[in-house]
Amino acid sequence: MNRLSLQASIAERDVMRYTPAGIPIASGKLQHASKVVEAGVERLVEFEVAALAAGEISGRFNQLELGEIFQFHGFLARKNRNSKSLVFHITEITAAQS
């Protein structure tokens, strides 16, 4: 199953665009930072990931405050057919869990 849930903030956001079929696409970069325990050792994990929201959820993504933390849910897919880079496709946004 390809399902990703990530607590992150929007680090940057691009201008809303539309597919030839008229579907709105909002894209940007999400920034994540957390502490996890791996092999009994606490580790700081920080990264940015390319993300996009298509359709109805794109309007909500486009209105979120930059830097504010939210819970993003979705899946990973290739940036395009020939790319090895991954993009996080957002399908749901909820309030961040403490």
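A 6.0 Å sphere centred on CZ of R3 holds more than 12 heavy atoms belonging to other residues, nucleotides or ligands. Annotation for R60: atom CZ counts as buried by contact number, over 12 foreign heavy atoms lying within 6.0 Å.
L64 contributes atom CG, which lies 4.5 Å from atom CZ of F70 (distance to the nearest 0.5 angstrom). The CD1 atom of I10 lies 4.5 Å from the CZ atom of F72; values are rounded to the nearest 0.5 Å. Note that CD1 of I25 is 10.0 Å distant from OH of Y18, once rounded to the nearest 0.5 Å. A distance of 9.0 Å separates CD of Q7 from OG1 of T94, quoted to the nearest 0.5 Å. Annotation: the span from L52 atom CG to H89 atom NE2 amounts to 4.5 Å, rounded to 0.5 Å. Summarising the geometry, atom NE2 belonging to H32 is positioned 9.5 Å from atom CD1 belonging to I69; distances are rounded to the nearest 0.5 Å.
With hydrogens and angles disregarded, no donor-acceptor distance shorter than 3.5 Å links the side chain of S9 to the backbone of L66.
Placement of F75 and L86 in two distinct hydrophobic clusters is found when ILVMFWY residues are connected by side-chain heavy-atom separations under 4.5 Å, directly or transitively. Under a hydrophobic clustering in which Ile, Leu, Val, Met, Phe, Trp and Tyr are joined whenever their side-chain heavy atoms come within less than 4.5 Å, directly or via other members, V36 and F47 fall into the same cluster. With hydrophobic clusters built from ILVMFWY side chains whose heavy atoms lie under 4.5 angstrom apart, V37 does not share a cluster with L44. Residues F61 and V87 fall into different hydrophobic clusters, defined by Ile, Leu, Val, Met, Phe, Trp and Tyr side chains chained together at heavy-atom separations under 4.5 Å.
Counting heavy atoms from C-beta outward, E12 and Q31 have side chains that stay 4.5 Å or more apart. Counting only heavy atoms from C-beta outward, the side chains of N2 and L76 approach each other to under 4.5 Å.
Nearest heavy-atom pair, A53 versus S58, reported as atom, atom and distance to 0.1 Å: O-CB, 3.2 Å. Between A8 and L30, the closest heavy-atom pair is CB-CB, 4.0 Å. Smallest separation of non-hydrogen atoms from S83 and R78: O-CD, 3.2 Å.
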